[in-house]
Q: 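So that we are looking at the same thing, I have put the structure below in structure tokens.
What you see is a predicted model, and the numbers here were worked out from it, not measured in a lab.
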Amino acid sequence: MLIEPLVIGDLLEKLSTVCFAAYLLTRLKGVDKYTGKEQSWRYIAIMAVIFGILYAFGYYAGSGTETDFLSIKKIGPNMAGLIAGPFAGVGAAAFGLFLQGAGTGGIPIDTLLTELMNGLVCGIVFLLNGRRLIKVWHAVLLGAVLTTADSIITLFFYQGIDLSRLLLFNIASIEILVIATGMGLFTLLMHNVAREREISSTASRLEGQVLAAREIQLGYLPAKIPSMKGIRVAAKLIPMHEVGGDFYDFQQITPTRCFFCIGDVAGKGVSAAFVMASSLTLLRNALIYSQSPAEILSQVNQGLIRSSNDSLFVTLLVGIMDIETGLITYANAGHNLPFLMSKNTATLIHMEPDIPVGTFDDYQYQQNEFRLESGEQLVLYTDGVTECENKTGMLGVEPVIRALSDLQGPDPDTTVHTITELVFTYAGSGIPSDDVTVLVIGRQDS
């Protein structure tokens, strides 16, 4: 029988050892340097020592059995050369041969020649490939070619046809498979760790960008809502993602007049955060030159179209309130209809919304008026409130109206808390899919 069962068992054992050794190596800190085009002498020396030890381990693991010639030792110098170049390949072979000689008292000349040659050839392949690790199937082919060459060279150093046949038909064919497969597995794991660390590096960079965008977004919101005689204001923005497109603003523009707005960018992520920041900047700049909500929306619309390359539109509701009379002049660019809380009832304020800003250039927005009486509250919100979902569907408007109608003489802070609590209760164990933003303006007796 040409191939004994023991040979097959030994083959599987050797392949398992190769996989384990490759896995341990890929866990070492700094091993990803093999993908770079420059390796320090310290790195080359470390690779030579590691793979030299692997060579010695492969040699001694195969000795003392019926398959003495079947060994994974050749993988050591081969992979050292493929990972770190010819100096590492030859160094791994030399160190491994030194360890072998220290245990046996001598090294056959054919072994000396083939192992040093393997490390050198694989190192040259590394250089020819632009100092990068070759593909997996290239490693398999290279391992097969080098092991075949080793077997042929060995024939020249042994006499006797019986031994030659044993080497060629019983051992060499299996050793070729061991080395080729082992080098392929080793190369595959090294490529995997390179991709893993590249993904990790990319994720870290993206995380940094996202955190920066989040800081930009939150930095554009009002740091503190001004206190004004005759009204109370409360607001809350709960982002459901690292960055989003919701925003609001409230400013006192004269002793008796205030400006407010709430908006939602049609998108998520970093792009939405920058459009949100642009929108607030344009709003505040427009407010310097005009106190007409319609004119403010027109200027924001034109500014977004000229400055944004992302084609993201923004729903936006802006208003100017006279605190003494409660008269509110507003313009609505496609935003959700607000609620009006009066005593123990809550209703929608029916207004004809215009198109969102950032859609059509030179669009002329309309404005209207209504009066907020003493004791009433104007409740503005984004669609993250009414479009919150669970297994039964969206929350909708009616549950919000019922929750607000059940409140007994609330202040704006209580109103904000009631709405946000309703949203998260409705979502249940899930997380709302969109940002939740609420702005409440309550008028009270001076």
Side-chain angles (χ1 to χ4, degrees), residues 209-210 212-226 233 235 237 239 241-254 257-321 328-338 351-369 380-384 434-435 437 439 441:
Q209 294 173 8
V210 168
R214 175 91 178 262
E215 291 297 321
I216 292 173
Q217 179 190 19
L218 297 180
Y220 270 82
L221 298 178
K224 183 179 180 181
I225 293 178
V233 181
L237 189 159
H241 306 274
E242 287 80 2
V243 289
D246 281 14
F247 61 93
Y248 67 88
D249 198 8
F250 184 90
Q251 296 185 41
Q252 180 178 2
I253 52 179
T254 72
R257 289 166 67 83
C258 63
F259 163 83
F260 62 87
C261 73
I262 189 168
D264 185 4
V265 180
K268 298 292 180 290
V270 176
S271 296
F274 281 108
V275 173
M276 166 263 182
S278 297
S279 299
L280 271 176
T281 300
L282 291 168
L283 278 165
R284 290 164 181 170
N285 288 340
L287 189 60
I288 297 175
Y289 301 101
S290 175
Q291 294 186 11
S292 164
E295 178 61 27
I296 291 172
L297 282 185
S298 295
Q299 291 188 34
V300 173
N301 179 56
Q302 293 175 16
L304 282 179
I305 290 175
R306 292 168 185 170
S307 64
S308 176
N309 296 321
D310 297 303
S311 301
L312 296 180
F313 61 85
V314 183
T315 66
L316 184 59
L317 193 155
V318 302
I320 303 289
M321 178 179 179
I328 294 177
T329 305
Y330 68 87
N332 187 349
H335 200 73
N336 304 84
L337 300 181
M351 55 180 65
E352 198 67 32
D354 282 318
I355 64 173
V357 294
T359 49
F360 295 102
D361 198 6
D362 297 327
Y363 184 84
Q364 298 300 312
Y365 289 88
Q366 305 299 314
Q367 65 185 37
N368 291 284
E369 298 177 344
L380 309 171
Y381 58 96
T382 57
D383 57 13
D434 201 358
D435 299 346
T437 305
L439 173 64
I441 303 172

Q: Could you state the interatomic distance from OH (Tyr381) to CG (Leu317), rounded to the nearest 0.5 Å?
A: 10.0 Å
Q: Only one of Leu439, Asp264, Asp434 forms a side chain to side chain contact (heavy atoms under 4.5 Å, CB included) with Thr382, so which one is it?
A: Asp264
Q: Would Tyr365 and Val357 count as a side chain to side chain contact (heavy atoms under 4.5 Å, CB included) if you check the C-alpha gap in whole Å, the side-chain angles of each, and the deciding distance to 0.1 Å?
A: CA-CA 10 Å; Tyr365 289 88; Val357 294; 3.6 Å; yes
Q: Once rounded to the nearest 0.5 Å, what's the spacing between atom CG of Leu287 and atom CD of Gln299?
A: 10.0 Å
Q: Output all residues satisfying ring-ring contact (aromatic ring centres under 6.0 Å, His included) with Tyr248, sequence neighbours left out; order by chain, then residue number.
A: none
Q: Nearest 0.5 Å please: distance from the CZ atom of Phe259 over to the CG atom of Leu283.
A: 5.0 Å
Q: Stepwise, does the side chain to side chain contact (heavy atoms under 4.5 Å, CB included) test hold for Gln302 with Asp362?
A: CA-CA 7 Å; Gln302 293 175 16; Asp362 297 327; 3.7 Å; yes
Q: Measure the shortest side-chain to side-chain distance between Val233 and Phe260 over non-hydrogen atoms and say whether it is less than 4.5 angstrom.
A: no
Q: I'd like to know whether Leu316 forms a side chain to side chain contact (heavy atoms under 4.5 Å, CB included) with Phe247, so could you lay out the CA-CA distance, the side-chain angles of the two residues, the decisive distance to 0.1 Å, and finally the verdict.
A: CA-CA 9 Å; Leu316 184 59; Phe247 61 93; 3.8 Å; yes
Q: Could you tell me which non-hydrogen atom of Asp435 sits nearest to which non-hydrogen atom of Gly245, and how far apart they are?
A: OD2-N, 3.6 Å
Q: Would you give the length of the straight line joining atom CD1 of Ile296 to atom CG of Asn285, rounded to the nearest 0.5 angstrom?
A: 11.0 Å
Q: Can you name the nearest heavy-atom pair linking Gln252 to Pro226, along with the distance?
A: N-CG, 4.1 Å
Q: Within the 4.5 Å heavy-atom criterion, are Asn332 and Leu337 side-chain neighbours or not?
A: yes
Q: For the pair Asp354 (side chain) and Gln366 (backbone), establish whether a donor and an acceptor sit closer than 3.5 Å, ignoring hydrogens and angles.
A: yes
Q: By salt bridge (Lys or Arg N to Asp or Glu O under 4.0 Å), which residues pair with Asp383, not counting sequence neighbours?
A: none
Q: Any side-chain to backbone donor/acceptor pair from His335 onto Pro356? Under 3.5 Å, distance only.
A: no
Q: Could you tell me the separation between the OG atom of Ser278 and the CG atom of Leu304, rounded to the nearest 0.5 Å?
A: 6.5 Å
Q: Identify the two heavy atoms, one from Gly303 and one from Leu282, that lie closest to each other, and give their separation to 0.1 Å.
A: C-CD1, 3.7 Å
Q: Looking only at heavy atoms, what is the nearest atom pair of Ala294 and Ala331, with distance?
A: N-CB, 3.9 Å
Q: Quick check against the 3.5 Å criterion: does Tyr330 have a side-chain atom that pairs as donor or acceptor with the backbone of Met321?
A: no
Q: Hey, what do you get for OH (Tyr363) to CD1 (Ile305), rounding to the nearest 0.5 Å?
A: 12.0 Å
Q: Between Asn301 (side chain only) and Leu297 (backbone N and O only), is there a donor and an acceptor less than 3.5 Å apart?
A: no
